[in-house]
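Here is the structure we will look at, set down as structure tokens.
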Amino acid sequence: MSALFPTPRDLKSASQLQRELAARVLLTGDLTGVRKVAALDASSRRGEPLVAAAVLWDLAEERVLEVSVAATPPEGLFPYVPGFLSFREAPTYLAALAALSEVPDLLLVDGQGVAHPRGLGIAAHLGVHLDLPSLGVAKSLLYGVPAGELPEEAGSAVPLTARSAQLGWVYRSRARVKPLYLSPGHRLGLREGLELIRALPAPTKLPEPLRQAHLWAGRARREGLRGRFTPQRP
DNA sequence: GCGACAG
DNA sequence: ATCTTGTCGC
């Protein structure tokens, strides 16, 4: 169920590993058969466990099916270094995913997909590791250049580019809010990634599944919650 | 050498 | 990521 997630001993070997895994990334794939997505987010404070939440979301019914929470003690955490986020957060995400009652069809991850200096943001890393389609949804830019001005209207998007190639999209989920940075992680096309995000409800800047994951991770950290939860059906 | 830098 | 009061607006 859960294979090894290698933790490099330094940033040199970490970069090497990223380049190797980036070569396995597949940037094609559509949404056929994608019914349930798992949204992942984490919450942490210095000196405390890092808490991750996985929210299983039903695309057709537009609702949370279940939530799982996992944590990793501070001693076992890779430090946060820009460009190496997956080594810090992915192990806890894998634990949260393993605690779900079923395997999702696609991962929605808070962070970059292939819009990364070495082509392996956390969404791409998780996608390749689990061999699952994945999409990165970041709240700020790490790598790449927006191709032009982003219109103020909700739903607008402009390509996110680097070295004359498109890596993802700068996307406006709501009018007059800061944009999101989308990039496929694995087994998903650029257009399909945008299509998926546009199909998700977005009452706020973040698409609802990710907003729920954010809320659960924060609440779980503050209240010490762990395990699996099944929200009441309306 | 300098600036940038997901969460 | 987290900390943190008030404030503006529906």
Side-chain angles (χ1 to χ4, degrees), chain A residues 5 7-8 11-12 14-15 17-19 21-22 25 39-55 69-74 76-96 107-129 134-146 154 160-163 167-171 173-186 193 197 203-207 209-224:
Chain A
F5 188 84
T7 298
L11 298 184
K12 185 69 174 178
S15 298
L17 179 54
Q18 289 180 326
R19 294 181 196 285
L21 295 176
V25 167
L40 303 172
D41 192 29
S43 177
S44 67
R45 285 191 63 182
R46 258 194 21 167
E48 288 179 24
L50 181 145
V51 176
V55 169
V69 173
T72 300
L77 291 174
F78 195 86
Y80 170 67
V81 182
F84 301 89
L85 176 66
S86 60
F87 297 111
R88 177 178 179 80
E89 297 188 344
T92 316
Y93 284 155
L94 292 174
L107 305 177
L108 260 183
V109 191
D110 189 61
Q112 314 292 342
V114 297
H116 176 279
R118 291 165 295 283
L120 197 83
I122 188 167
H125 199 157
L126 284 167
V128 169
H129 183 80
S134 64
L135 177 68
V137 182
K139 300 181 294 302
S140 64
L141 182 62
L142 172 68
Y143 181 73
V145 180
L160 177 60
T161 63
R163 302 179 56 187
L167 298 179
W169 305 92
V170 181
Y171 177 70
S173 58
R174 308 279 298 176
R176 263 168 272 100
V177 302
K178 299 304 294 178
L180 294 174
Y181 299 84
L182 316 176
S183 60
H186 187 49
I197 286 297
T204 61
K205 182 171 87 167
L206 280 182
L210 279 168
R211 189 179 76 102
Q212 285 300 319
H214 184 77
L215 292 174
W216 274 92
R219 187 161 74 85
R221 178 181 62 75
R222 292 187 297 271
E223 299 176 16

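In what follows, every chain begins at residue 1, and chains take the letters A, B, ... in the order their sequences are listed. Predicted model, so just to flag it, every value in this text is computed and none were measured. Computed over heavy atoms, backbone and side chain alike; hydrogens, waters and symmetry mates excluded.
- The side chain of A:Lys139 sits closest to C:dA1 out of B:dA6, C:dT2, C:dA1.
- Across B:dC5, B:dG7, C:dT2, the shortest atom-to-atom separation from the side chain of A:Ser43 is found for C:dT2.
- The shortest side-chain heavy-atom distance between A:Tyr181 and A:Val137 does not fall under the 4.5 Å cut-off.
- Going from atom NE2 of A:His125 over to atom C1' of B:dG7 covers 16 Å, rounded to whole Å.
- If you check every strand for non-hydrogen atoms under 4.0 Å, A:Tyr93 touches nothing.
- If you take CG of A:Asp41 and P of C:dA1, they are 7 Å apart, rounded to a whole angstrom.
- A:Leu142 contributes atom CG, which lies 12.0 Å from atom CD1 of A:Ile122 (distance to the nearest 0.5 angstrom).
- Whole-Å rounding puts the A:Leu206 CG to B:dG7 P distance at 10 Å.
- Between A:Asp110 and A:Lys139, the closest side-chain pair of non-hydrogen atoms falls below 4.5 Å.
- At a threshold of 4.0 angstrom between heavy atoms, the contacts of A:His214 are confined to the sugar-phosphate backbone, with no base atom among them.
- For the pair A:Arg45 and C:dC3, the criterion of a side-chain N or O lying under 4.0 Å from OP1 or OP2 is met.
- Within the 4.0 angstrom heavy-atom criterion, no nucleotide atom of any strand lies near A:Leu50.
- Relative to the side chain of A:Leu142, the nucleotides B:dA6, C:dA1, C:dT2 differ in distance, and B:dA6 lies closest.
- Summarising the geometry, the separation between CD on A:Gln18 and C1' on B:dC5 is reported as 14 Å, rounded to the nearest angstrom.
- Under the 30°/60° scheme for interplanar angles, the aromatic rings of A:Phe78 and A:Phe87 are found to be tilted.
- In this structure, CZ of A:Phe84 is placed 19 Å from C1' of C:dA1, rounded to the nearest angstrom.
- For the pair A:Pro74/A:Pro49, a side-chain contact is recorded, criterion being any heavy-atom separation below 4.5 Å from C-beta on.
- Atom-to-atom, CZ of A:Arg176 to P of C:dC10 comes out at 10 Å; the value is rounded to the nearest Å.
- Dashed line: the shortest gap from a side-chain N or O of A:Ser140 to OP1 or OP2 of B:dC5 is not under 4.0 Å.
- Stacking between A:Tyr80 and the base of B:dG7 is present: ring centres sit under 5.5 Å apart and the planes differ by under 30 degrees.
- Neither OP1 nor OP2 of B:dA6 sits under 4.0 Å from any side-chain N or O of A:Tyr143.
- We find that CZ of A:Phe87 is positioned 18 Å from P of B:dG7, with the value rounded to whole Å.
- Straight-line distance from the CZ atom of A:Arg221 to the C1' atom of C:dA1: 9 Å, rounded to whole Å.
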